[in-house]
Amino acid sequence: MTAIISAKSVSYHYPDEKGDALHDLSFDVKQGDWVAVVGHNGSGKSTLAKAIDGLLDFNDGEIFIDGRLIQEDNIWDIRRKIGFVFQNPDNQFVGATVADDVAFGLENRHVPRTEMITKVNEALTMVGMSEFADREPATLSGGQKQRVALAGVVAMRPEILILDEATSMLDPEGRETILTLLKQLRQQYHLTVLAITHDIDEAAMADHILLIDDGRLVDQGTPAEILTQGDRLLELGLDVPFGEKVKRALQDELQVPKEYMNSNRMVDWLWQKLNLTK
């Protein structure tokens with residue numbers, strides 16, 4: 001399948017910083033994939049997201065979006081393909097009401113008013129926020145704000161959705177709700193998702209993982225290939241998935257599976273194992 005994002009030897013250095021924020025990164029993201037970019041805080045994940053969206057003039061290397069090299073003369077055309085959801089949705093709000101905020105990007109693209117109203121209503125319905133259309137964004141809960149931020153992005157019909165720690169400020173229930181919604185939107189609109197996260201259990205949802213450490217791509221592969229490297233993940237300042245923690249705790253008592261198992265599969269395996277031992 002065609003690479004919709006392709007980075008080639010990308011490096012970036014912030015002024016007054018000693019080392020590179022990004023150092024010689026090369027990777028491809030296939031169209032339609034969900035890719036998690038994982039690393040400890042300060043590892044360069046958010047810098048990479050901004051570079052892909054053309055928000056940074058990186059020092060070396062090239063980034064291609066859908067086969068087009070990001071350059072000054074085409075950056076606005078390329079950004080039409082990308083929707084960006086930030087960690088703190090308050091940073092994205094510009095409208096007086098929820099509906100105004102969702103309409104903001106469409107207004108900037110000079111979408112006719114009748115079409116814009118339809119798209120705003122559709123987007124709010126998709127994220128379950130129609131009844132809040134006339135509310136001020138500041139009065140919403142964290143999860144509701146993130147839904148509105150998603151609606152504003154989805155209304156623009158991007159091909160690529162970049163999530164920069166988009167669930168990190170939510171409680172577990174709110175995080176699960178947003179992730180379920182994202183999976184639905186991805187399927188409905190055939191989105192390519194690039195999720196910047198340090199949450200290993202969230203990364204387990206991805207098709208592919210890019211493991212970043214101090215600006216360098218140190219590994220990449222499927223969740224099964226990356227998330228079973230428990231000791232290495234800890235060395236890189238990351239957590240170990242819950243299913244892997246359970247396997248470690250039980251390995252002296254039971255013959256645990258060698259392959260990666262997410263939480264649900266681990267629960268099913270344990271239930272079956274306990275029933276067989278009765």
Side-chain angles (χ1 to χ4, degrees), residues 4 29 31-38 45-46 49 52-53 81-95 97-106 116-209 223 241-242 262-264:
I4 194 168
V29 174
Q31 189 168 13
D33 270 5
W34 182 307
V35 175
V37 182
V38 177
K45 305 186 301 297
S46 293
I52 292 171
D53 198 36
K81 295 178 176 288
I82 301 173
F84 205 121
V85 180
F86 294 92
Q87 179 181 31
N88 186 348
D90 289 325
N91 294 336
Q92 292 181 251
F93 292 147
V94 293
T97 68
V98 165
D100 288 343
D101 196 81
V102 176
F104 179 75
L106 298 171
M116 180 174 63
I117 291 172
T118 299
K119 287 188 173 182
V120 169
N121 290 336
E122 286 177 351
L124 288 175
T125 299
M126 285 175 218
V127 302
M129 290 296 290
S130 295
E131 63 185 285
F132 298 88
D134 297 324
R135 290 271 294 274
E136 294 182 22
T139 66
L140 303 177
S141 69
Q144 290 170 335
K145 288 178 180 179
Q146 204 60 286
R147 283 171 176 250
V148 173
L150 271 173
V153 168
V154 170
M156 308 283 282
R157 300 293 192 271
E159 296 177 36
I160 300 167
L161 183 60
I162 298 178
L163 309 168
D164 189 6
E165 302 279 9
T167 65
S168 64
M169 297 182 68
L170 303 178
D171 59 30
E173 183 178 355
R175 183 181 297 115
E176 184 63 31
T177 299
I178 292 297
L179 290 174
T180 299
L181 175 60
L182 285 167
K183 286 188 284 187
Q184 294 169 351
L185 293 173
R186 175 203 180 191
Q187 185 173 18
Q188 184 171 353
Y189 292 107
H190 310 291
L191 293 168
T192 300
V193 178
L194 189 73
I196 310 299
T197 183
H198 63 268
D199 187 309
I200 291 297
D201 288 309
E202 184 177 323
M205 297 171 47
D207 301 305
H208 195 80
I209 293 176
F242 177 74
N262 62 27
S263 299
N264 290 334

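Position 1 is the first residue of the sequence; numbering continues from there. Computed from a prediction, not measured in an experiment: that's the story for all the values here.
- With sequence neighbours left out, Asp171 forms a salt bridge (Lys or Arg N to Asp or Glu O under 4.0 Å) with no residue at all.
- For Gly83 against Val153, the heavy-atom pair with the smallest separation is CA-CG1, 3.5 Å.
- Residues in residues 121-137 take part in these salt bridge (charged side-chain N to carboxylate O under 4.0 Å, His left out) pairs, two or more places apart or across chains: Glu122-Arg157.
- Across every non-hydrogen atom of Leu191 and Leu185, the tightest pair is CD1-O, 3.8 Å.
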| said: Would Val98 and Gln144 count as a side-chain contact (heavy atoms from CB on, under 4.5 Å) here? Give the steps. | reply: CA-CA 10 Å; Val98 165; Gln144 290 170 335; over 6 Å; no
Exercise for the section: Decide side-chain contact (heavy atoms from CB on, under 4.5 Å) for Leu179 and Glu202; before the verdict, give the C-alpha distance in whole Å, the side-chain angles of both, and the deciding distance to 0.1 Å. Expected result: CA-CA 8 Å; Leu179 290 174; Glu202 184 177 323; 3.9 Å; yes
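- Every side chain to side chain contact (heavy atoms under 4.5 Å, CB included) that Phe86 has, sequence neighbours left out, goes to Phe84, Gln92.
- Checked by atom type and distance alone, the side chain of Gln146 pairs as donor or acceptor with a backbone atom of Ala166 at under 3.5 Å.
- Counting heavy atoms from C-beta on, the side chains of Val193 and Leu182 never come closer than 4.5 Å.
- Considering every non-hydrogen atom in both Pro223 and Ala206, the closest pair reads CG-O, 3.1 Å.
- Heavy-atom minimum distance, Phe93 versus Ala149: CE2-N, 4.2 Å.
- Note on residues 173-196: pairs passing side chain to side chain donor-acceptor pair (under 3.5 Å), not counting sequence neighbours, are Arg186-Asp207.
- Judged by distance alone, with hydrogens and angles left aside, the side-chain atoms of Asp201 form a donor-acceptor pair with the main-chain N or O of Phe242 at under 3.5 Å.
- By the side chain to side chain donor-acceptor pair (under 3.5 Å) test, Thr125 is found to be paired with Ser130, residues two or more places apart in sequence or in another chain being considered.
- For the salt bridge (charged side-chain N to carboxylate O under 4.0 Å, His left out) condition, the pairs that include at least one residue of residues 139-155, sequence neighbours left out, are Asp90-Lys145.
- Checked against side chain to side chain contact (heavy atoms under 4.5 Å, CB included), Ser168 has the following partners two or more places apart in sequence or in another chain: Gln87, Glu165.
- When the side chain to side chain donor-acceptor pair (under 3.5 Å) test is applied to Lys81, the partners found at least two apart in sequence or on another chain are Asp66, Glu159.
- To the nearest 0.5 Å, the span separating OG on Ser46 from CG on Asp164 amounts to 3.5 Å.
- Here Ala151 pairs with Val102, Ala123, Leu124, Val127 under the side chain to side chain contact (heavy atoms under 4.5 Å, CB included) rule; sequence neighbours left out.
- Distance check: Ile162 CD1 to Asp53 CG gives 5.0 Å after rounding to the nearest 0.5 Å.
- Taking the side chain to side chain donor-acceptor pair (under 3.5 Å) definition, one finds that Asp100 meets it with Thr97, sequence neighbours left out.
- Contact check for Phe132 versus Val148: no side-chain heavy atoms found under the 4.5 Å cut-off.
- The two atoms that bring Ala155 and Leu106 nearest to each other are O-CD2, 3.6 Å, heavy atoms only.
- The side-chain heavy atoms of Ile160 and Val29, taken from C-beta on, include no pair separated by under 4.5 Å.
- Val38 and Lys45 make their closest contact through C-CD, 3.7 Å (heavy atoms, listed as atom of the first residue, atom of the second, distance).
- Judged as a side chain to side chain donor-acceptor pair (under 3.5 Å), and not counting sequence neighbours, Thr197 has no contacts.
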